[in-house]
Structure formats: structure tokens, C-alpha cells
Chemist: 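Once you've had a glance at the structure underneath, I'll fire off some questions.
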Amino acid sequence: MAIKPPQLTAEARAAAGAKAVAARRERAAVKAALSSGAIGIFEAINDGRESIQRMRVSELLDAAPGVGSRRTYTLMAKAGISETRRIGGLGSHQLQKLRSEMILNKVPVSPGALIVMSGPGGVGKSTITAHLRNHPAIWISVSVTTREPRENEKDGHDYHFVTEEKFDQLIARNELLEWAEFAGARYGTPREAVATALDLGKHVLLEIEIAGARQIRKADPKALLVFIAPPSWEELVDRLTSRGTDSPERRAARLALAEEEMACVDEFDEVLVNHQVDEVALALLSLATYRSRETPK
Ligand code: 5GP
């Protein structure tokens, strides 16, 4: 049976045409930004828009300064990427290969930035993280912890939940980039996963408490430490005390801890006031982009 093209109404055809025009414009803008050096190859690859994800890898590489069509095909062949592959279809192994081939061939690639986000409990850090979770330019580190999972938390997604023995083992094997104790449990950042994501040009976001942030500062002076502050102390108190499930003692302890945490604000590179989650998420993303450009490998 012959397959007929779908019958489109005049409006649907016009809408499809307009969408195609907009997509072409977006692709042209990205290629122009790449050629002029305003963005890097991996920034373009990590651009989440459908129009960019549907662009051919070859078309993108060809537009990059210092690549050109001959090198495009050599790089792609070495990375095991077929000529017709689109950006959205690249696997992480291929991305990694492409990146290392580019470094070998002295094509400039900007590494991802390591961003540490801290701030007092109740300030909304996890909502900000959730907001950024599906952004292709960002990789969110999943910590290991010895605390019990809460309802709705999934192992491997919110945390890797481990035993005390396993945590001891991770420390002994130097597999944690940092770790700290908080409210009776231990929390740590897996070292290797962070390095892999940075190698793929992703910005890595760690949502950790302050002792951990200090360790990252020492381990990697290029890391950007961002403090999330509440619009006012009163608002934070409101947020912390409105969780009806806490006992008065627990509530007082949480407030005391928040006060201590607020006092550390000066140790951070940037302070973002959480008036609105989407604004903070956007600000984090631009800070990450700036930081990765400042510190070429
Ligand atoms: P919660 O138990 O409420 O999920 O987290 C408690 C605190 O631990 C939060 O301030 C959170 O940011 C912090 N935290 C989560 N993961 C890590 C980690 O890997 N390292 C450190 N140092 N703190 C973490």
C-alpha cells in the first residue's frame, strides 16, 4: 500500500513553514555565534533547543573556528560519529571521544564549570536544582548519603543511599571529592562522576552544605561558590517554621543552624537572592557560562 503524505490544512502548512523558518534562524544564529567565538562547540551541543538538537554535527563543526570541512570529517571519523548524525543523537561516549580528539588537535574547547550552591536550609536550593535538572548544559551531581530515604526519594536520583560501612569505604578509597556530616548523617560528592561530566563540557552543579563548599574551594580554586539567600530573614523563618511536622525543639535547632549558615555568606563568590526560582536558575546558568570562559584549560 502506498504511503500518502499527511493531508495538512492551509493553516497547519503555514504553521509548519513558520516553525521551519524560525528553526533555520536559530541554527544560523548559533553558527554565527560559534564562528565569531562568542560561544564554544560544546555550548552549542548543549543548547537544549529542538532546532539545535536537530542540526547535523558536521554542520556545527564546520562552522567552528579552526575546524573547517576537512578536519570536521577527520574528527568525526576518529570519534566514531557517522556523517549524518544529528547533535541530539550523540551518545555520551561519542561526545567524550569528540572532545578528546578536539583537544588532541588543538581545537579550542571550553571545559564545564564547577558550581557549588549552598545556603541555609529552607531557602529553596532543591527547587532550584529541580528547575535545572533537564537542562542539557548542566549536570547535577548525585551525592551519596548515609541518611534514610524520605518518602518520594529515589535511590540514584535524589541520592545514592549507602550504609555507614560503604561510606567509610568511599572515603578510604578517595572516591569522594568532599564529604561532611550534617544533622547526624554523612553526605559526599562522588569524584569520578563529576570529572566525567566536566570532561563532557557540562557545567556541574553541587548542592551541598557549607563545610563541603569549603573543601571544594580548597580542592579546586576555579570552582564558583554561589550562596542562595532568602529575600529576608523573616521569610526564611516563615519557610522553616511552616513545615508543621517538626517538634518545637527541632524547629529551634533548624533556625539556629540557618542562622549559622547565613553568617557564612562572605565566603562565597556570588550571592543570589531567591525571589523567584526561574530567575535564580537562569542566573546560575549565566554565571557558569562566564566562569567556564574565564578559565580555559
Ligand atoms: P537533606 O538531608 O535535607 O537532603 O540535606 C541536608 C544537607 O546536606 C543540605 O544542606 C544539602 O545541601 C547537604 N548535602 C547534600 N549532599 C551533600 C554532599 O554531597 N556533600 C555535602 N557536604 N553536603 C551535602
Chemist: Do Asp168 and Arg186 come within less than 4.5 Å of each other through their side chains, counting heavy atoms only?
Modeler: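 With C-beta onward as the side chain, the pair touches.
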Chemist: Are side-chain heavy atoms of Leu104 and Lys78 found at a separation under 4.5 Å?
Modeler: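 SC-SC contact between Leu104 and Lys78 ruled out.
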Chemist: Any chance CZ of Arg25 has more than 12 other-residue heavy atoms, nucleotides or ligands included, within less than 6.0 Å?
Modeler: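 No, the 6.0 Å shell around CZ holds no more than 12 heavy atoms from other groups.
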Chemist: Can you see which heavy atom on Asp278 is nearest to which on His131, and at what distance?
Modeler: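 Taking every non-hydrogen atom into account, CB-NE2, 3.4 Å.
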Chemist: Determine whether more than 12 heavy atoms belonging to other residues, nucleotides or ligands lie under 6.0 Å from atom CZ of Arg54.
Modeler: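 Count not over threshold, so no.
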Chemist: Supply the atom-to-atom distance Arg217 CZ to Leu224 CG, rounded to the nearest 0.5 angstrom.
Modeler: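 Taking CZ in Arg217 and CG in Leu224, the distance rounds to 8.0 Å.
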Chemist: Do Ile210 and Phe268 come close enough that some side-chain heavy atom pair is under 4.5 Å?
Modeler: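 They are in contact (side-chain heavy atoms under 4.5 Å apart), so the answer is yes.
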Chemist: As a quick check of understanding, evaluate side-chain contact (heavy atoms from CB on, under 4.5 Å) for Thr84 and Arg56, giving each step before the final call.
Modeler: CA-CA 6 Å; Thr84 54; Arg56 290 206 172 168; 4.0 Å; yes
Chemist: Starting from Val273, can I reach Leu282 by hopping between I/L/V/M/F/W/Y residues whose side chains sit under 4.5 Å apart?
Modeler: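 Different clusters.
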Chemist: Are any side-chain N or O atoms of Asp158 and backbone N or O atoms of Lys154, one a donor and one an acceptor, separated by less than 3.5 Å?
Modeler: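 Side chain of Asp158 to backbone of Lys154, a donor-acceptor pair under 3.5 Å: yes, one is there.
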Chemist: Identify whether Val162 and Leu176 are in the same connected component of the hydrophobic contact network (ILVMFWY, side-chain heavy atoms under 4.5 Å).
Modeler: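 Val162 and Leu176: one cluster.
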Chemist: How far apart are the closest heavy atoms of Ala44 and Val30, and which atoms are they?
Modeler: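 Nearest heavy atoms, Ala44 then Val30: CB-CG1, 3.8 Å.
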Chemist: Taking Glu270 for the side chain and Ile228 for the main chain, is one N or O donor matched with an acceptor at less than 3.5 Å?
Modeler: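 Such a contact is absent between Glu270 side chain and Ile228 backbone.
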Chemist: Report whether Val271 and Val280 are members of the same hydrophobic cluster (ILVMFWY, side-chain heavy atoms less than 4.5 Å apart, transitive linking).
Modeler: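 Looking at the clustering, Val280 is in the same group as Val271.
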Chemist: State, to 0.1 Å, how close Pro230 and Pro120 come at their nearest heavy-atom pair, and which atoms those are.
Modeler: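 Distance-wise, the nearest heavy atoms are CD-CG, 4.3 Å.
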Chemist: To the nearest 0.5 Å, how far apart are OG in Ser242 and CZ in Arg239?
Modeler: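 CZ of Arg239 is found 9.0 Å from OG of Ser242.
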Chemist: Is there side-chain contact between Leu98 and Met102, with at least one heavy-atom pair below 4.5 Å?
Modeler: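 A side-chain contact exists here, since the closest heavy-atom pair is under 4.5 Å.
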Chemist: Indicate the atoms forming the closest heavy-atom contact of Leu60 with Leu34, along with that distance.
Modeler: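 So the two residues come closest at O-CD2, 3.3 Å.
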Chemist: Kindly write out the residues that satisfy ring-ring contact (aromatic ring centres under 6.0 Å, His included) with Phe161, not counting sequence neighbours, or none if the list is empty.
Modeler: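 Partners of Phe161 by the ring-ring contact (aromatic ring centres under 6.0 Å, His included) criterion, ordered by chain and then number, come out as Tyr159.
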Chemist: With no hydrogens and no angle check, is any side-chain donor or acceptor of Asp269 less than 3.5 Å from a backbone partner on Leu225?
Modeler: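 Flag set: sc Asp269 to bb Leu225 pair under 3.5 Å.
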Chemist: Hey, mind stepping through Met117 and Glu207 against side-chain contact (heavy atoms from CB on, under 4.5 Å) and telling me if it holds?
Modeler: CA-CA 5 Å; Met117 174 170 73; Glu207 184 214 320; 3.8 Å; yes
Chemist: Hydrophobic cluster membership, with links at side-chain heavy-atom distances under 4.5 Å among I/L/V/M/F/W/Y: are Leu75 and Met55 in one?
Modeler: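 Yes, same cluster.
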Chemist: Taking the side chain as C-beta and beyond, is there a heavy-atom pair between Ile39 and Asp47 under 4.5 Å?
Modeler: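 Answer no - side chains too far apart.
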Chemist: For a quick test of reading the model, state the closest non-hydrogen atom pair linking Leu240 to Ala258 and the distance between them.
Modeler: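 The answer is CD1-CB, 3.7 Å.
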Chemist: Run the salt-bridge test on Arg214 and Glu178 with the 4.0 Å N-O cut-off and return the result as yes or no.
Modeler: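 Result for this pair is no, no salt bridge flagged.
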Chemist: Within a 6.0 Å radius of atom CD on Glu192, are there more than 12 heavy atoms belonging to other residues, nucleotides or ligands?
Modeler: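 Atom CD in Glu192 is not crowded, with 12 or fewer foreign heavy atoms closer than 6.0 Å.
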Chemist: Under the side-chain contact (heavy atoms from CB on, under 4.5 Å) rule, what do Leu114 and Lys222 come out as? Steps first, then yes or no, please.
Modeler: CA-CA 8 Å; Leu114 181 58; Lys222 295 196 306 294; over 6 Å; no
Chemist: Just by distance, do the side chain of His203 and the backbone of Ile138 share a donor-acceptor pair under 3.5 Å?
Modeler: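 Not confirmed, His203 side chain does not pair with Ile138 backbone.
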Chemist: Whether the side chain of Ser35 engages the backbone of Ala63 through a donor-acceptor N/O pair (distance < 3.5 Å, no angle test) should be reported.
Modeler: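 Answer holds: yes.
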Chemist: Between Arg133 (side chain only) and Ile140 (backbone N and O only), is there a donor and an acceptor less than 3.5 Å apart?
Modeler: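 Pair absent, no side-chain N/O of Arg133 close to backbone of Ile140.
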Chemist: Distance from Ser141 atom OG to Arg191 atom CZ, nearest 0.5 Å?
Modeler: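 If I round to the nearest 0.5 Å, the distance is 12.0 Å.
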Chemist: Side-chain contact test, heavy atoms from C-beta onward, threshold under 4.5 Å: evaluate it for Phe227 versus Glu267 and give yes or no.
Modeler: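 They are not in side-chain contact.
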Chemist: Could you tell me whether the side chain of Trp233 reaches within less than 4.5 Å of the side chain of Met262, counting heavy atoms only?
Modeler: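 Met262 vs Trp233: side chains touch.
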Chemist: Might you work through the salt bridge (Lys or Arg N to Asp or Glu O under 4.0 Å) test for Glu153 and Arg147, ending with a clear yes or no?
Modeler: CA-CA 12 Å; Glu153 281 184 333; Arg147 87 150 159 72; 2.8 Å; yes
Chemist: For the atom pair OG (Ser143) and NE2 (His160), what is the distance rounded to the nearest 0.5 Å?
Modeler: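 The NE2 atom of His160 is 8.0 Å from OG of Ser143, to the nearest 0.5 Å.
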Chemist: How long is the span from the NE2 atom in His135 to the CG atom in Leu284, to the nearest 0.5 Å?
Modeler: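 So the gap between those two atoms works out to 11.5 Å.
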Chemist: Please determine whether residues Val116 and Phe182 belong to a single hydrophobic cluster, defined as Ile, Leu, Val, Met, Phe, Trp and Tyr linked transitively by side-chain heavy-atom distances below 4.5 Å.
Modeler: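 Val116 does not cluster with Phe182.
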Chemist: Taking ring-ring contact (aromatic ring centres under 6.0 Å, His included) as the test, write out the residues that go with Trp179, two or more places apart.
Modeler: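 Trp179 satisfies ring-ring contact (aromatic ring centres under 6.0 Å, His included) with Phe167 only.
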Chemist: What pairs meet the salt bridge (charged side-chain N to carboxylate O under 4.0 Å, His left out) rule with one or both residues in residues 79-97, with sequence neighbours excluded?
Modeler: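 Every candidate salt bridge (charged side-chain N to carboxylate O under 4.0 Å, His left out) pair involving residues 79-97 fails, so no pair, neighbours aside, qualifies.
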Chemist: What are the two closest heavy atoms between Gly80 and Gln94, and how far apart are they?
Modeler: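 Residues Gly80 and Gln94, closest heavy atoms: O-NE2, 3.1 Å.
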Chemist: Can you find a pair of side-chain heavy atoms, one from Leu95 and one from Phe42, that are under 4.5 Å apart?
Modeler: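 Sidechains of Phe42 and Leu95: in contact.
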Chemist: Show your reasoning for whether side-chain contact (heavy atoms from CB on, under 4.5 Å) applies to Ile216 and Ile208.
Modeler: CA-CA 10 Å; Ile216 298 287; Ile208 61 179; 4.0 Å; yes
Chemist: Under the criterion side chain to side chain contact (heavy atoms under 4.5 Å, CB included), which of Leu205, Asn46, Leu200, Val194 is the partner of Trp139?
Modeler: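 Passing option: Val194.
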Chemist: Within this structure, what is the CG-CD1 distance for the pair Leu61 and Ile45, rounded to the nearest 0.5 Å?
Modeler: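 Here the interatomic distance stands at 6.5 Å.
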